[in-house]
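None of these values were measured; they are calculated from a predicted model.
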Amino acid sequence: MNCWNDVVGISEVTKLFGEPISFHDAEVVDVKYDGSDCYLQIDCRGLIRTREVFDERYKMFQNVIIEMKFSDVDKFQIDGGYGDIDELYLDEVDNIFIVTMKSCGPTFRCNQITITKVTVKTNQPHPNAAHNRLLDAYLKSDL
């Protein structure tokens, strides 16, 4: 998995999970392919639920959505849709990524992989939530 270090923006994923992840039990929820670049939106809810069994810190996450761009894709195709990911494997040969989405899709080549957006939903209440409830109750009370 050393080639994960060559993915642009992987530090955002590493900050959340402590390491680059293979997206085991995640789900591809959106795919766009414009003939050159492929864009995936990956819902990590299943991955988080699996990991929280072994590590309590994952219980703070409600969900994480990761959007990725694969640039200059060669021969991308989806047969019969998309869905659950067993693993997303990366290999690198001569500065070309070889991407394999085991169980849900294709193997393809691309020149660059970029994490374009990471959206995190947590189970943690907003730090001001208790204060705001008290203030709201006070303002609604009969003075």
Measure the [atom1]-[atom2] distance between [X] and [Y] for me, rounded to the nearest 0.5 Å.
| X | Y | atom1 | atom2 | result |
| --- | --- | --- | --- | --- |
| Glu12 | Thr116 | CD | OG1 | 11.0 Å |
| Leu40 | Lys32 | CG | NZ | 10.5 Å |
| Asp37 | Asn111 | CG | CG | 9.5 Å |
| Ile98 | Cys3 | CD1 | SG | 9.0 Å |
| Asn95 | Gln112 | CG | CD | 11.5 Å |
| Lys117 | Ile66 | NZ | CD1 | 12.5 Å |

>> Is the ring pair Phe108/Phe70 parallel, tilted or perpendicular, if the boundaries are 30 and 60 degrees?
In response: perpendicular

> Hey, mind stepping through Tyr58 and Val64 against side-chain contact (heavy atoms from CB on, under 4.5 Å) and telling me if it holds?
Replying inline: CA-CA 11 Å; Tyr58 288 97; Val64 175; over 6 Å; no

>> Show the nearest heavy-atom pair for residues Cys44 and Ala26, with the distance to one decimal.
In response: CA-CB, 4.2 Å

> Closest heavy-atom contact between Ile113 and Met68?
Replying inline: CG2-CE, 3.6 Å

Counting C-beta onward and ignoring hydrogens, is there a side-chain heavy-atom pair between [X] and [Y] closer than 4.5 Å?
| X | Y | result |
| --- | --- | --- |
| Lys15 | Val118 | no |
| Arg49 | Asp25 | no |
| Tyr39 | Asp34 | yes |
| Val28 | Phe23 | no |
| Leu90 | Glu92 | no |
| Ser22 | Tyr89 | no |

Under 3.5 Å donor-acceptor, [X] side chain and [Y] backbone:
| X | Y | answer |
| --- | --- | --- |
| Asn63 | Arg45 | yes |
| Asp94 | Ile96 | no |
| Thr122 | Met60 | no |
| Asp72 | Cys110 | no |

Cluster link [X] to [Y], ILVMFWY, side chain under 4.5 Å:
| X | Y | answer |
| --- | --- | --- |
| Phe17 | Val120 | yes |
| Val7 | Ile21 | yes |
| Ile65 | Ile42 | no |

> Just wondering, more than 12 heavy atoms not from Arg109 lying within 6.0 Å of its CZ?
Replying inline: no

>> Run Trp4 and Val13 through side-chain contact (heavy atoms from CB on, under 4.5 Å) and show every step you take.
In response: CA-CA 10 Å; Trp4 278 103; Val13 174; over 6 Å; no

